[in-house]
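Everything below concerns the one structure shown next.
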Amino acid sequence: MRMIRIFDTTLRDGEQSAGINLNVEEKLEIAKQLAKLNVDVIEAGFAVASPGDFQSIQEIAKKVKGPAICSLARAVPRDIELAWEAVKPAGRPYIHTFIATSPIHMEYKLKKSPDEVVEMAVAAVKLAAKLCPEVEFSAEDATRSEWDFLCRIFGEVIKAGAKVINIPDTVGYAVPEEFGRMVAYIKENTPGIEKVLVSVHCHNDLGMAVANSLAAVANGADQVECTINGLGERAGNAALEEVVMALHTRNKFFAAETGIVTEQIYRSSTLVSTLTGSYVQSNKAIVGANAFSHEAGIHQDGVLKNPLTYEIMTPQSIGLPSSRLVLGKHSGRHAFRERLEELGHYLNNEDLEKAYQRFLEVADKKKEVTEMDLEALVRGELLQVEDVFTLEYFHVTTGNNTLPTATVRVKNGSRVLQEAACGDGPVDALFRAIERITSLPAALKEYNIKAVTGGKDALGEVTIRMEYGGKSYTGRGVSTDVIAASARSYMNAVNKIARDNQGK
Ligand code: KIV
Ligand code: ZN
């Protein structure tokens, strides 16, 4: 079996998706989860893009152990020097530098000749290799580049010290058979290729990113670049969970496997969708809500007789939590901690206490607290930012013949502020009242609500996306009461905005 390296770019290409904006704590939380998933490389950001990106990469490099920590850099000295500053605290620092190689990009975007592009690529890789032990070079828009030019530039950067050469399908233009042939051609015709790893990075514009990545593996690629839930520019990147489970389930066909701890897939997916506010469609392969549910009677009958009749992989293999009862309102702290640890959450005392208090509130209202509920609560409680504003009280009236009205009391330091507002519905009234208090007029761009489990007393999970000062902020709240969950989600987002804009 060949080992295929998994290079995760959720925090770089994934974060480039429209409407996604993660703060440093959120990126760190995702990076820690990626380490539990055991990815080989975490591309933590693009250091030169913003001070926030730089800080996130540096924090991840300092705190996340196991995978290599990578920053993207254009093939220019300033980018590479900053990338190095950001990743150098890591146990395994990694720089990924790139330049476009397709005729259209070289002529119109870079305004450089092919010779000049080769020269810049070589200079960039030499500088990066002087600073950092692991250097990857990408030929942007490779799938619209001339194959012989790719072999030439890859040969030169290998001489300059690149350890990985990456073939991106930047615009999602390739089809599997052709992409497989391209990888095989580059492997046969690039001088020195046997000394380095060959990586691929596929976008999903035609819905073929995973198929293209797998075709590349079948033709000798050693590394796949992908993102959790397939997030990324435009239609996204190859979905990590699909690539990994395809290799896992069909390992004999590919004669290849990965080092991914597949039981961490579901948790990684829900964490990323929660923090980015980007929901996963219900019929999405591997992690969609319906991926393991059998509706047709014939299928249900077959699965009961033998799960293998209709299941090519088990829900346990991706760590799907069950909806069985795990704790009740009489469960003590000790049992609560034990249950969380069984689910893989090791909390410090302070976080444990916060999560336990929220659990008690929920257990009081909800007879059965399931693994799904616990996961949702822990995600919610641990990722609340330190509050600038704390919701003390709210009251909402609504009805078919009443103007929906909300009264809200919020604490801001030692000040207690109170406001009332009417709206189109109870949530609108509530949000307007909070906005009056906080004086942070953010535009609400998305509002999503879903039930964590089935049943009338299910927890409601609300995720919102707001825009303020040109930036996107997500907020999340969980409660058995959907209005309370909405209030928590709004307070969560507004606290992020307040914290980001303190002193401005
Ligand atoms: O899609 C792309 O070409 C990229 C490169 C920077 C690798 O994201
Ligand atoms: Zn990309």
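Quantities reported herein were computed from a predicted structural model and do not represent experimental measurements. One-based numbering, in listed order, for ligands and for the atoms of each.
Contacts between D13 and ligand 1 below 4.0 angstrom, taking non-hydrogen atoms only, involve the side chain exclusively. Only the side chain of R12 comes within 4.0 Å of ligand 1, counting heavy atoms alone; its backbone N, CA, C and O stay farther away.
None of D500, N23, N501, N21 except one satisfies the side-chain hydrogen bond (donor to acceptor under 3.5 Å, both in side chains) rule with K471; the exception is D500.
The closest approach of D13 to the Zn ion (ligand 2), by N/O/S atoms, is made by OD2.
Remark: ligand 1 and H203 share an N or O pair separated by less than 3.5 Å (distance only, no angle test). In terms of polar-atom proximity, H96 is not counted as a contact of ligand 1, lacking any N or O under 3.5 Å from an N or O of the ligand.
Using a 4.0 Å heavy-atom cutoff, Q16 is absent from the residues neighbouring ligand 1.
Formation of a donor-acceptor pair under 3.5 Å by the D53 side chain with backbone atoms of F46 is found in this model. For T10 (side chain) and I228 (main-chain N/O), a donor-acceptor pair under 3.5 Å exists by modelled atom type. Within the 3.5 Å criterion, the main-chain N or O of D387 finds no donor-acceptor partner in the side chain of N495. Between the side chain of D141 and the backbone N or O of A100 there is no donor-acceptor pair closer than 3.5 Å.
The protein non-hydrogen atom at the shortest distance from atom 4 (C) of ligand 1 is H201 NE2, 3.5 Å. When hydrogens are left out, the protein atom nearest atom 3 (O) of ligand 1 is T170 OG1, 2.6 Å; that is the closest non-hydrogen contact.
The atoms of ligand 1 that sit less than 4.0 Å from any heavy atom of P168 are 3 (O). Every atom of ligand 1 is numbered from 1 in the order shown, and the set under 4.0 Å from a heavy atom of E140 is 3 (O).
In this pair, Y185 and W147 present their aromatic rings tilted. The plane angle is within the 30 to 60° band. The aromatic rings of F7 and Y94 sit perpendicular to each other, their planes meeting at more than 60°, with 30° as the lower class boundary.
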